[in-house]
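See structure below.
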Amino acid sequence: MAGRRDPDDDLLEDDAPEGRNPYASSTRWRHQESAAYAKHARQQQQGAGGHPVAREADSHSRVSDLADFLNSSRITPDAGSADRPTTPRFKPIMAGAAEARQAVNGEEHANGVPESRIFDGKDIACGPLLNYRRMEGTQWIGSVLVVIRGGGASQPFTPTLSLRQARAPGRHDAPGTETQGICLYSDSRSTFWRFNLSVEMEHSETKWEYSLPGLRFHSSTKPQVNSFYVPAVNESMRIMFHSCNGFSVGTDEEAWSGLALWNDVARRHKEVPFHVMIGGGDQIYNDGIRVAGPLQEWTGIGNPKKRREYPFPETLRADCDDYYLNNYIRWYGTEPFASANGQIPQLNVWDDHDIIDGFGSYVNEFMKCDVFRGIGGLAHKYYMLFQHHLPPPPTTYSSDSTPTGPAENGQGTDPAQLISAYVHPAMTESNYIVGTQAGPYVAEHSHNIYAKLGARMCFLGIDARTERTRHQVNYPETYDRIFGRLRDELTSAANSGTPFRHLILLLGVPIAYPRLTWLENIFASPVLGPIKFMNRRMGLGGSFFNSFDGSVDLLDDLDDHYTARTHKKERNHLIQRLQLICAEFSVRITILGGDVHLAALGRFYSNPKLNIPTENDYRYIANVVSSAIVNKPPPAAVANLLSRRNKIHHLNHDTDETLLKMFDKDPGDSTKTAAHNQVTMPSRNFAMITENSPNNARSSNNGNTAHTQDAPSWPLAAPPPILDAENSRPPGSRAGGASIRSNLGGGGGGGGSATATFPGKKDGHYALHAGEVNAGTKHKAASEAQHGRGHDGSLDVCIRVEINQRDREGHTEGYGLSIPALDYHGPRPPSIAPPASAWSGSHGGSSVGGGGGSGQH
């Protein structure tokens, strides 16, 4: 990274003037829109007297009126900026309540031309959306969802899906099967149809095609036939992982070329198909509901007490329902994301922006207000439908009704909402681990996911939002249920003679990440009390304080982190339970996390004084941090500061943690970070994960005969490197150490085995095993020709990083490493007892602070 400018002296310096958004947040860490933008948006809708103009309850305004408003207030680059696009090419529209009803029901086109035809239940408004659900023996189980315009308590037409296996050229196509749709939900606006898929896995990878005969696509460019790939029965799935799939309100979307990286996902999928697409949260950004949506008036209330006491009547509930529905239809129909939805099976968990920014991490009194209870229920409704293909709860919260049913079972039922609507009874599926009790603010049960990912890998996704408060991420009882199910599945696999070698754990938010306790202490300090008071009274401090509960604007983001002081106990307990699972079943756990708009690679590992080779180290757990695939990254100064905070932390006496130096250069010819920063990359990205299958020793195509021409002709794995403990020390390390700098040469990173033993002391800033040697652009996992072509059972991880934000094709550069399989047959560590003082009350109402915890720095 020589020759790059080191901007450490300019940590608080503004971006270049030509790159500044005039309404960007003054807080460089912030993911949401600025107060200036919110004020600007409100002023556009104020009357001559300076007071907000009340919106009619039955507005007949056109969709084009909203488009005109958004276009007139759109933030565009300066005309004199020659290096930025000035012609709008990416125009997402967030419609409001009445407009959403018209757009979804097709009452008029976006250009204002009315439609008078009656819906016949055949017009597709959104979809198809393809999900992977689970494996049952050698059966691959999935589902397809389409949203149809119009509907009600009964449907005039039941669609079918046609599924057939695609054969190689010259071979006859297999006969297809027909699957009848299941209506999950229907009202006057739209109908949600689910189609169950079940295919038999074969000895080689198979391609399947499906179509929806009789249904009409609204888009003329939407493919009439979609396809997906299923791995060979003796292979594991190729994974694509992403998070933060949307823009914060106020972002100059044209300057970031829209959804450019999804073009690169499509290219990678065409070259070597992905079998599953894991969404780590924020698959959609619904924050616009309070800027250009029905919560705009509520957000503008300056007094926090009045904002907390604001009701959520049925009229507001219906308007917000329309917003969430229309925003999902708009975003999930936006290319090139829309095409990926129909061709790469998805596995998703949600995060705060799927609801609204910071949901769950504001103070308890505010989180329990009517408005947050209402939008939490509505966001959950459409999360279940669009992202899980499950029927929603029958009704959602409004302050006008008293729901029937016990509170611990969920929200209850409001009969008025079921008039002219249909809701399918709740579905029970084995891939879900449902929480024991309803969440504290979303009055529904968490949906955690377990699924096999082929022959030697399995997946666990923890719903870290439904039960979240400022003092907990999940209930202790939910962890018990999750770990009980996980232990049962791993035991069953081991007893059957086909044990899992890798477990992919999705947490959403990073768990091995630099500490920001010093910022938490400042923002929570009593010294800021008088300033907060002046902010409430006179607006002092502006966007430094958020518009919800009056806390420091960044505090909810910090409270979201597992490394926050309030989550310290829970975090330590979770990691130690995971290490017990690794030791008991000799399975390597790799954690996926997003949220932070950076790429990084953290890991937990045994204290070097224990002298344990990584391939035998059950404490070694890597945390792949990949974020964001769409949203803009933080400034380089923030990434560089986090790099400076990358200390070696101690979970306990036996476990250390830190980030790996894997960014050996900036992508392409760009300059995105300081010369010293090799651990955090502030550029949009996504990740690819592929097993180096033991079957590759016989065939290097991962069970896929269609891709044999891509197999390299050179050896797929070199012998483990011979390491000289004296010559491999990092600069400044003590004699006798054997740490390897991540930019050292040698066979390990360039195609070698990931199971070499590194004797002696190790510094976790550098490579801990052969798979981390040469981590970065020179590693075999970053090579298109060599990624996943080894045969030692390790995982190849490649983070694809955007080179140029103005490149609408979204070209990326890869940074790779390998994660070795675990070979541990030693004694089982002692069980981990729950903390003496649990981190939450049994129902989340009065949370216990988690500021304590032993052993962690």
Side-chain angles (χ1 to χ4, degrees), residues 32 38 42 52 54-55 57 96-97 100 286-325 327 350 352-384 392-418 437-445 465-470 536 546-551 556 843-847:
Q32 71 169 42
R42 289 196 299 271
R55 183 169 54 82
N286 285 313
D287 306 334
I289 193 171
R290 66 183 183 87
V291 176
L295 293 186
Q296 184 179 7
E297 178 181 338
W298 173 74
T299 306
I301 298 174
N303 187 309
K305 183 175 185 295
K306 292 182 179 179
R307 200 180 305 119
R308 285 197 305 269
E309 296 173 352
Y310 197 89
F312 196 72
E314 175 57 28
T315 53
L316 182 57
R317 189 210 66 81
D319 286 351
C320 290
D321 190 294
D322 284 336
Y323 176 88
Y324 280 103
L325 171 63
N327 201 37
W350 66 345
D352 58 334
H353 292 282
D354 296 273
I355 310 171
I356 197 170
D357 182 38
F359 189 95
S361 292
Y362 299 111
V363 296
N364 182 64
E365 292 78 10
F366 184 78
M367 286 303 311
K368 287 186 173 294
C369 76
D370 283 342
V371 170
F372 261 37
R373 291 177 66 187
I375 64 173
L378 289 169
H380 176 268
K381 170 183 178 178
Y382 291 108
Y383 169 61
M384 288 288 102
T395 59
T396 61
Y397 176 84
S398 84
S399 55
D400 283 350
S401 65
T402 303
T404 61
E408 63 270 18
N409 290 337
Q411 178 56 51
T413 302
D414 177 5
Q417 295 180 33
L418 295 175
Q437 55 202 1
Y441 310 131
V442 177
E444 305 297 341
H445 292 243
R465 189 56 54 178
T466 303
E467 299 172 0
R468 179 181 289 269
T469 72
R470 293 188 77 179
R536 290 193 297 267
N546 70 59
S547 56
F548 287 152
D549 63 357
S551 298
D556 69 285
H843 288 79
S846 57
S847 300

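Numbers here are sequence positions counted from 1.
Looking only at side-chain heavy atoms (C-beta outward), H380 and P392 stay at 4.5 Å or farther from each other. Side chains of T469 and N364 form no contact here, defined as non-hydrogen atoms less than 4.5 Å apart. Taking the side chain as every heavy atom from C-beta outward, I355 and F372 never approach each other to under 4.5 Å. Here the side chains of Q437 and E467 are not in contact, with every heavy-atom distance at 4.5 Å or above. R470 has its side chain within reach of V363: a pair of non-hydrogen atoms, C-beta onward, lies under 4.5 Å apart.
Side-chain N or O atoms of E314 include none that pairs as donor or acceptor with a backbone N or O of S398 at under 3.5 Å.
A donor-acceptor pair shorter than 3.5 Å cannot be found between the side chains of N286 and Y323.
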Worked check of side chain to side chain contact (heavy atoms under 4.5 Å, CB included) between H445 and T466:
CA-CA 7 Å; H445 292 243; T466 303; over 6 Å; no
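Every residue was checked against the salt bridge (Lys or Arg N to Asp or Glu O under 4.0 Å) condition with E365, not counting sequence neighbours, and none meets it. With sequence neighbours excluded, the residues that form a side-chain contact (heavy atoms from CB on, under 4.5 Å) with P313 are P311, T315, L316, S399, D400. With sequence neighbours excluded, no residue forms a ring-ring contact (aromatic ring centres under 6.0 Å, His included) with Y324. Taking the salt bridge (Lys or Arg N to Asp or Glu O under 4.0 Å) definition, one finds that D321 meets it with R189, R317, K381, sequence neighbours left out.
In this structure, the separation between OH on Y441 and NZ on K368 is 6.0 Å, given to the nearest 0.5 Å. Here the CD1-CG distance, from I289 to L378, works out to 7.5 Å after rounding to the nearest 0.5 Å. Taking SG of C320 as the start and CH2 of W298 as the end, the distance is 9.5 Å to the nearest 0.5 Å. Note that the OG1 atom of T299 and the CG atom of D287 stand 10.5 Å from one another [nearest 0.5 Å]. For the atom pair CG of L295 and CZ of R307, the computed distance is 11.5 Å after rounding to the nearest 0.5 Å.
What you find for R465 and S361 is that their closest heavy atoms are NH1-OG, 4.1 Å. The shortest heavy-atom contact between V371 and F312 is CA-CD1, 3.9 Å.
Remark: of the listed residues Y382, Y383, F359, Y383 is the sole one forming a ring pair (Phe, Tyr, Trp, His ring centres under 6.0 Å) with W350.
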